[in-house]
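Numbering of ligands and ligand atoms starts at 1, following listing order.
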Amino acid sequence: MEKSGKVYLVGAGPGDPALLTLKGRRLLQACDAVIYDRLVSEELLDYAKEDCERIFVGKTVGNHALKQEEINQIIIEKALTHPVVVRLKGGDPFVFGRGGEEVLALKEQGISYEVVPGVTSAIAAAAYAGIPVTHRGSSQSFTVITGHTAEEEGNIPDSLTSLAQTSGTLIILMGISNLDRIAEKLLEGGKHPDTPVAVVSNGTTPWQKEVRGSLADICQKVKEAGIKAPAVIIVGSVAGLDMKATIRCPLSGVNIGITGTREIREKLIQQLHELGANTVTAGSLEIIDYSGKPEFDRALMSLEQYHWIVFTSSNAVNLFFQRLAKLGIDHRKLSHIRFAVVGSGTSKILMQYGYHADLVPQQYSAFHLAQELCNIVTAEEKLLIPRAMQGSEELITVLDDNNISYEEIKIYDVVSSYYTPEPGEKQIERLDYLVFASSSGVHGFFQDSDSSTRELLECTKIVCIGEATQRTLSEYGYANTLTAKEASVKGIVECIVENNRNDGIE
Ligand code: SAH
């Protein structure tokens, strides 16, 4: 038998990326290939390694969705070539996820596998809408059923009529397109027309919508609200309860689009989620590492010629120290060096390597950094500036104007991609804020985006990290932006909270 890797069928949870299990996250971080569905949050893919192969199998080509057999085949192929494969499935893999079929296909091939359960939308979408699926004195059981079957005539499960007799909660998945017939069958089976019904679509995501009604009027209400799949239908007395949190977080219900490198996105997402915001990845930046170039190695091997090292980004700090370690250079070779950094974020990263910054400008920008350097650097001193390909020219211009001697080495490039949803995939409908943490993020976003994105931005406030980013935004016609007081992730978050608070007062 061929030697193969191991496949983990991982439940991705219902949509909110924070509802992934710790085991799921650990496997995503470790895997060599991830095969994912349409209902899986894109943000989860950020956990995967940069070189992890990402395969989307939720595609609809015309009206043709990938068949289950084709998906099984892809999983098997990947298991034969990759040591660790994650098959990431919406909700729980075994709740109407066809996870069982994938397991059988793997078994047949003798490929080892493991199933990692996930939080199912059946319970989580209800919970986020404030509905407990059981409640003392109200419902003592819940039954999860499909509202769309391939087997039964009319695609409605026959069991619905008998299930109408249950006093417990009925939770129907994949039922929204059959809602009128489902309601009819339940009424035929003897359920009272006043029975409370709730429909929750895109539960636990920024696009969550809910409609409440009764068996008699829910179809009309759902039509009026324009509710679409994916949605869960909850039938029973608990559907009349609302246990949503009463204490509002400062950003609850606020939709925020995030752009930037993985590192920045992760930090922003974590802090914004803690404040109750919904986040969407609207663009990403990838770091291409050129720190292995001979010119940089030569500089690192002759550190004695420099007096200052200047960092204008956390990326530069990380790549600098990683390269030092690769070359086996002892940190004591840095003992005479003074460090200048652009802002508090970069200074914190530098501290992680055990170095205090000797210079952080009063105002966090490359321009102010250059000006303050000119005040203290002497004519005999030389600077080393390892930075990005597209680092701002301002820094160099100020140094040149002041005859400061320096060596600038471009050690990485930033490549941007605008996040384009697959056809049929949920689109961003409304963003309250869109965040840019660098000029390269702005270029990447606007160069790739289309007119529908620009339309979307008409009602969106644009938030940027600092003045340089703000200037780049105005080049694209977005002059009216919110700018963080402090150029850091914390500054961006504070800027949004403050703006949102003021909006609430108006
Ligand atoms: N394994 C998944 C269910 C897959 S079947 C789970 O455990 O959640 C797909 C159906 O799940 C959808 O048609 C819809 O009924 C439901 N669903 C999935 N995600 C949902 C969400 N975020 N909100 C509401 N319903 C959802």
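Ring centers of Phe436 and Phe446: under 6.0 Å apart, within the cut-off.
Under a 3.5 Å cut-off, the side chain of Ser139 and the backbone N or O of Thr169 do form a donor-acceptor pair. In this structure, the side chain of Asp37 does not engage the main chain of Leu39 through any donor-acceptor pair within 3.5 Å.
Sorted by chain and number, the heavy-atom contacts of ligand 1 below 4.0 Å come from Pro14, Leu39, Gly90, Gly91, Asp92, Val95, Phe96, Thr120, Ser121, Leu173, Met174, Val200, Asn202, Gly203, Pro230, Ala231, Val232.
Asp217 meets the side chain to side chain contact (heavy atoms under 4.5 Å, CB included) test with Ser214, Lys221; sequence neighbours excluded. Among residues two or more places apart in sequence or in another chain, the ring pair (Phe, Tyr, Trp, His ring centres under 6.0 Å) test is passed with His273 by none. With sequence neighbours left out, Ser440 forms a side chain to side chain contact (heavy atoms under 4.5 Å, CB included) with Leu285, Gln390, Val414, Ser438.
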